[in-house]
Trainee: 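Right, I'll just put the structure down here and ask away after.
Side chains included, hydrogens not; waters and symmetry mates left out as well; all remaining heavy atoms used. It should be emphasised that the depicted structure is a prediction, and the values quoted were computed from it without experimental measurement.
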Amino acid sequence: MTANKYSILLPTYNERDNLPIIVWLIVKYMTEANIDYEIIVIDDGSPDGTLDVAKQLQRIYEDRILLRPRASKLGLGTAYIHGIEHANGNFIIIMDADLSHHPKFIPKFIELQQTKNLDIVTGTRYNGDGGVYGWDFKRKLISRGANFLSQLLLRPNVSDLTGSFRLYKKDVLRKLISRCTSKGYVFQMEMIVRARQLNYTVGEVPISFVDRVYGQSKLGGSEIIQFAKNLLYLFATT
Ligand SMILES: Nc1nc2c(ncn2[C@@H]2O[C@H](COP(=O)(O)OP(=O)(O)OP(=O)(O)O)[C@@H](O)[C@H]2O)c(=O)[nH]1
Ligand SMILES: *[C@@H]1O[C@H](CO)[C@@H](O)[C@H](O)[C@H]1NC(C)=O
Ligand SMILES: *[C@@H]1O[C@H](CO)[C@@H](O)[C@H](O)[C@H]1NC(C)=O
Ligand SMILES: [Mg+2]
């Protein structure tokens, strides 16, 4: 395609069953589209042995996979920062490793970025053919509600604020992360809000989001309260 290189960050915590599949799919779609890439696995000391699985995958895919593990669960935000520090690409792709984000969309992100020279391309569940599969009513309601409330308060002109499947120019991502203060689900949202403030250009690609099949979901009441608090904080400070 071009001389660009894409670093795909895969933060993992207990993704032993998902990692081989997601890596296989990434390799398949990137190879088919003839895109230069690397996969950076940032495992935070998963007790289920995700890192051992990653090491086996490295034996198969060799230098397409970099392992940048950390000793303990230090959170998603710092996992991204850690990954970027080791990224050789000029573009960064961030996605979940639990198969909620399908690698088939990556070439679409890249194509949109290139046609408009965008700073950021974000997957959206709430526009065009986008959608969510496998969530129960409660979780859909929470996600929709969170997005609606955030749209109302922040008016970011991006349809999916809390999604985490995105492509960034590396220097843009670095700058954004250095300006973001929040953690958890609000982090993704703050990134887009700050991007708007800095006049970065953002494009959207509709994605289908599929709930995790393997492994346990961690969304609970405390996350929701945390989200609401942080949203209000962001509203008050931007
Ligand atoms: N390195 C690292 N990865 C993490 C951490 N927490 C979550 N992850 C990974 O980040 C991605 C997103 O986390 P998820 O647990 O899927 O979050 P979610 O999609 O909001 O919630 P569920 O899928 O419903 O559990 C997955 O690939 C996780 O394995 C962490 O503390 N450190
Ligand atoms: C909002 O997005 C639309 C479509 O992407 C764009 O045409 C418009 O200029 C944007 N408005 C602002 C205020 O950024
Ligand atoms: C972003 O664009 C607006 C309107 O054109 C301008 O007023 C503002 O100074 C710009 N902000 C930055 C950080 O460049
Ligand atoms: Mg998930």
Trainee: Cluster partners of F209, using ILVMFWY side-chain heavy atoms under 4.5 angstrom, listed by chain and number?
Mentor: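 When side chains under 4.5 Å apart are linked, the cluster holding F209 also contains V132, W135.
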Trainee: Quick one: list whatever passes side-chain contact (heavy atoms from CB on, under 4.5 Å) with K169, sequence neighbours left out.
Mentor: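 With neighbours one apart ignored, the set is F91, Q113, N117, D119, D171, V172.
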Trainee: State whether K73 and D44 are salt-bridged, where the test is any N-O pair (Lys NZ or Arg NE/NH1/NH2 against Asp/Glu carboxylate O) under 4.0 Å.
Mentor: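 No, no charged N to carboxylate O under 4.0 Å.
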Trainee: Enumerate the residue pairs fulfilling ring-ring contact (aromatic ring centres under 6.0 Å, His included) with a member in residues 45-74, sequence neighbours excluded, ordered by first and then second residue.
Mentor: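 Pairs touching residues 45-74 that pass the test: none.
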Trainee: Please go through I225's hydrophobic cluster and name the other residues, only I, L, V, M, F, W, Y counting, with side-chain heavy atoms under 4.5 Å joining them.
Mentor: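 Besides I225, the cluster holds no residue at all.
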Trainee: Other than L74, what residues sit in its cluster of Ile, Leu, Val, Met, Phe, Trp and Tyr side chains whose heavy atoms are under 4.5 Å apart, directly or through others?
Mentor: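 Joined to L74, directly or through intermediates: none.
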Trainee: Compare every heavy atom of Q58 with every heavy atom of I65, then report the nearest pair and how far apart it is.
Mentor: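 Heavy-atom minimum between the residues: O-NE2, 3.0 Å.
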Trainee: Which ring-ring contact (aromatic ring centres under 6.0 Å, His included) pairs, counting each pair once, include a residue from residues 149-172, with sequence neighbours left out?
Mentor: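 Every pair satisfying ring-ring contact (aromatic ring centres under 6.0 Å, His included) with a residue in residues 149-172: H101-F165, F109-F165.
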Trainee: Ignoring hydrogens, what is the shortest heavy-atom contact between G163 and R166? Give both atom names and the distance.
Mentor: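 Nearest pair, atom of G163 first, then R166: O-NH2, 3.1 Å.
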Trainee: How close do F235 and L154 get, counting heavy atoms only, and between which atoms?
Mentor: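 That would be CA-CD2, 3.8 Å.
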Trainee: Looking at every non-hydrogen atom in both residues, tell me the closest pair between A87 and I40 and how far apart they are.
Mentor: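 Looks like CA-CD1, 3.6 Å.
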Trainee: Is there any salt bridge (charged side-chain N to carboxylate O under 4.0 Å, His left out) pair reaching into residues 156-165, and which pairs are they, with sequence neighbours excluded?
Mentor: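 Non-adjacent pairs meeting salt bridge (charged side-chain N to carboxylate O under 4.0 Å, His left out): R125-D160.
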Trainee: Looking at residues at least two apart in the chain, or sitting in another chain, which of them share a side-chain contact (heavy atoms from CB on, under 4.5 Å) with L99?
Mentor: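 Partners of L99 by the side-chain contact (heavy atoms from CB on, under 4.5 Å) criterion, ordered by chain and then number, come out as N18, I21, I22, L25.
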Trainee: Looking at R212 and E15, is any side-chain nitrogen of the basic one under 4.0 Å from a carboxylate oxygen of the acidic one?
Mentor: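 Looking at R212 together with E15, the answer is yes, because their closest N to O distance falls below 4.0 Å.
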Trainee: Is it possible for you to check whether K5 lies under 6.0 Å from the centre of the six-membered ring of Y37, through NZ or CZ, and within 45° of that ring's axis?
Mentor: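 Cation-pi check for K5 and Y37: fails.
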Trainee: Quick one: ring-ring contact (aromatic ring centres under 6.0 Å, His included) partners of Y29, sequence neighbours excluded?
Mentor: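 Result, ring-ring contact (aromatic ring centres under 6.0 Å, His included) vs Y29: H102.
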Trainee: Return the set of residues passing side-chain contact (heavy atoms from CB on, under 4.5 Å) with D63 (not counting sequence neighbours), or none when no residue passes.
Mentor: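 Result, side-chain contact (heavy atoms from CB on, under 4.5 Å) vs D63: none returned.
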Trainee: Please list all pairs meeting salt bridge (charged side-chain N to carboxylate O under 4.0 Å, His left out) that have one or both residues in residues 45-61, counting only residues at least two apart or in different chains.
Mentor: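 Those involving residues 45-61 do not exist here.
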Trainee: Tell me the closest heavy-atom pair linking S150 and M189, and the distance in Å.
Mentor: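 Taking every non-hydrogen atom into account, OG-SD, 3.2 Å.
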Trainee: So, using side-chain contact (heavy atoms from CB on, under 4.5 Å) as the criterion, who are the partners of E204 when residues are at least two apart?
Mentor: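 Once residues adjacent in sequence are excluded, the partners of E204 under the side-chain contact (heavy atoms from CB on, under 4.5 Å) criterion are T122, T124, N127, V158, S159.
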Trainee: Taking all heavy atoms of Y126 and all of N147, pick out the closest pair and write down the distance.
Mentor: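 Shortest heavy-atom separation between Y126 and N147 comes out as CD1-ND2, 3.2 Å.
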